[in-house]
There are 2 protein chains.
Amino acid sequence: MSDDPTHLAEQVSAVLRHLVFLLRRTTAGQPITSQQYSVLGSLEHGPRRMTELAEEHAVQLPTMTVQINRLEDAGLVARGSDPADARVRTVELTTEGRDRLLAVRRARLARLTGELDALTPEERATLAAALPVLAKLGRS
Amino acid sequence: MSDDPTHLAEQVSAVLRHLVFLLRRTTAGQPITSQQYSVLGSLEHGPRRMTELAEEHAVQLPTMTVQINRLEDAGLVARGSDPADARVRTVELTTEGRDRLLAVRRARLARLTGELDALTPEERATLAAALPVLAKLGRS
DNA sequence: ACAACTAACTTAGCCTGACTAATATTCCGG
DNA sequence: CCGGAATATTAGTCAGGCTAAGTTAGTTGT
């Protein structure tokens, strides 16, 4: 295994393609989409405003509006207003939304945990060591 | 760093979400989409049939039909017929398609290679060691 | 030999999720 | 108090995925 960035780039590229494919499959058939799950996660610690959510998910405001509309229709979030500024709409979890969030989180983690359990302790250690490096990619 | 699959699952989940986001951004603004690039790559070593392409990309046939239609409209691939079986349509790269494939490949690898260059040799080694493990995930 | 089945594609219609442009509403500074 | 900035929403477009239905071409069984 030579320290050749170009060769490594090809391998990383291939593995990431595989993982993206995986993530999509994992999502399929679940009660909410992965985007919706992410948004619910952002609301876990209290109400947020639309602009915050859009920025946090690196999405334009209209896209977030549509997402929140769907979540609101599904009864998982509720819109409110900021008493200090009538322009801002706040979004918060409903009880049902919180329940759903926790249920999906449990299911997802259980699945991934199961796959990690199938690895050897050494493999898990290797993976754990590489995570900070992977996280660094793209921050340049 | 304890060997706790559940905790590791949370971290892996977070890192993957970040990387997926990255991959999408990397794609934006390029002359072809990442799906189209993948399909062109499948054609690199000769003509393929529609069903093969659909299976290889884990997509339904109609979806592949639409993709190939777009690539054909763009002049990057050409449809042909199998002389042995008139039901099958073959797809192959045009000269322009091959040029585009190579150009995009160069650009993509250059970008990722650049990011990997910014890492230390130790970080690259850590990453290289973890790739086989990541590739194993989801094969269960 | 020919009817029935299977295989390979395409077409049509629908959904999610992203974008930009245009609009309404509200806030704030001079 | 008026003009510009900020916050959201609506409308329209596009990519990319799906299923269902239709077409055309081989294959099989009697």
Side-chain angles (χ1 to χ4, degrees), chain A residues 17 20-40 42-43 47-74 76-92 104, chain B residues 17 20-40 42-43 47-74 76-92 104:
Chain A
R17 236 177 294 136
V20 167
F21 169 72
L22 247 193
L23 279 189
R24 294 215 174 131
R25 298 222 86 191
T26 301
T27 294
Q30 299 220 302
I32 60 176
T33 67
S34 69
Q35 283 85 349
Q36 291 177 325
Y37 170 70
S38 296
V39 173
L40 290 185
S42 294
L43 300 176
R48 311 290 300 278
R49 50 172 63 193
M50 294 298 295
T51 39
E52 280 178 342
L53 292 174
E55 271 175 29
E56 187 170 326
H57 293 86
V59 129
Q60 298 302 310
L61 244 192
T63 300
M64 190 51 67
T65 294
V66 172
Q67 300 280 20
I68 297 299
N69 283 346
R70 280 201 268 259
L71 287 170
E72 195 177 24
D73 289 347
L76 302 181
V77 307
R79 273 187 169 91
S81 292
D82 182 339
D85 187 339
R87 290 172 305 178
V88 340
R89 311 301 314 273
T90 57
V91 183
E92 60 189 322
V104 172
Chain B
R17 237 178 292 137
V20 167
F21 170 72
L22 247 193
L23 279 189
R24 294 214 174 134
R25 300 218 85 192
T26 301
T27 294
Q30 299 219 301
I32 58 175
T33 68
S34 68
Q35 283 86 351
Q36 291 178 325
Y37 170 71
S38 295
V39 172
L40 290 185
S42 294
L43 300 176
R48 310 290 300 279
R49 48 172 63 193
M50 295 297 296
T51 39
E52 281 178 340
L53 292 174
E55 271 176 29
E56 186 170 326
H57 293 87
V59 128
Q60 298 302 309
L61 244 193
T63 300
M64 190 50 68
T65 293
V66 172
Q67 300 280 19
I68 296 299
N69 283 347
R70 281 200 268 259
L71 288 170
E72 195 178 23
D73 289 347
L76 302 181
V77 305
R79 275 189 169 89
S81 291
D82 183 339
D85 186 338
R87 290 173 303 179
V88 340
R89 310 302 316 271
T90 58
V91 184
E92 60 188 322
V104 172

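Hydrogens, waters and symmetry mates are skipped; everything else that's a heavy atom, side chains included, is used. We name chains A, B, ... by the order of the sequence lines, and we start the count at 1 in each one.
Using five terminal pairs a side, the axes of the helix from C:dA1-D:dT30 to C:dG30-D:dC1 at its two ends make an angle of 0°, given in steps of 10 degrees.
Applying the 4.0 Å criterion to OP1 and OP2 of D:dA6, one finds that A:T51 has every side-chain N and O outside that range. In this model, the phosphate group of D:dA15 is not approached by any side-chain N or O of B:Q36 to a distance below 4.0 Å at OP1 or OP2. Not one side-chain nitrogen or oxygen of A:R70 sits closer than 4.0 Å to the OP1 or OP2 atom of C:dC15.
Residue B:R89 contributes atom CZ, which lies 11 Å from atom P of D:dA25 at whole-angstrom precision. In this structure, A:L71 places its CG atom 13 Å from C1' of C:dG17, rounding to the nearest Å. Rounded to a whole Å, the CG atom of B:L53 is 13 Å from the C1' atom of C:dC9. The CE atom of A:M64 sits 8 Å away from the P atom of C:dA18 (whole-angstrom rounding). Distance, B:N69 CG to C:dT11 C1': 10 Å, rounded to whole Å. The CZ-P distance, from B:R79 to C:dA8, rounds to 16 Å in whole Å. For A:I68 and D:dT7, the CD1 to P distance is 17 Å, given to the nearest whole Å. When rounded to the nearest whole Å, the span between CD1 of B:I32 and P of D:dA15 equals 14 Å.
Of the inter-residue distances, the one linking A:E72 atom CD with A:Q67 atom CD reads 13.5 Å to the nearest 0.5 angstrom. A distance of 9.0 Å separates CD1 in B:I68 from CD in B:Q36, rounded to the nearest 0.5 Å. One finds the OG1 atom of B:T63 at 12.5 Å from the NE2 atom of B:H57 (value rounded to the nearest 0.5 Å).
A donor-acceptor distance shorter than 3.5 angstrom exists from the side chain of A:R48 to the backbone of A:S42, with no hydrogens or angles considered.
The residue A:T65 sits close to a base: some heavy atom pair falls under 4.0 Å.
Nearest approach of A:Y37 to A:V104, heavy atoms of both residues: CD1-CG1, 3.5 Å. For the pair B:V59 and B:M64, the tightest heavy-atom approach, listed with the atom from each and the gap, is CG1-N, 3.8 Å.
Each of C:dC9, D:dA15, D:dA8 was ranked by its minimum atom distance to the side chain of A:V88; first place goes to D:dA8. Comparing C:dG17, D:dG17, D:dA8 by their closest approach to the side chain of B:Q35 singles out D:dG17.
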Tell me, with the steps shown, if A:E52 and A:T90 meet side chain to side chain contact (heavy atoms under 4.5 Å, CB included).
CA-CA 10 Å; A:E52 280 178 342; A:T90 57; over 6 Å; no

Test side chain to side chain contact (heavy atoms under 4.5 Å, CB included) on B:V77 and B:V39; report intermediate values, then the result.
CA-CA 10 Å; B:V77 305; B:V39 172; 5.8 Å; no

Letter per nucleotide, 5' to 3', of nucleotides 19-28 of chain C [B base touched, S only sugar-phosphate touched, - untouched; heavy atoms, 4.0 Å]:
BBB----BS-

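Contact of the B:T51 side chain with the B:V88 side chain is not registered, since no non-hydrogen atoms from C-beta on lie closer than 4.5 Å.
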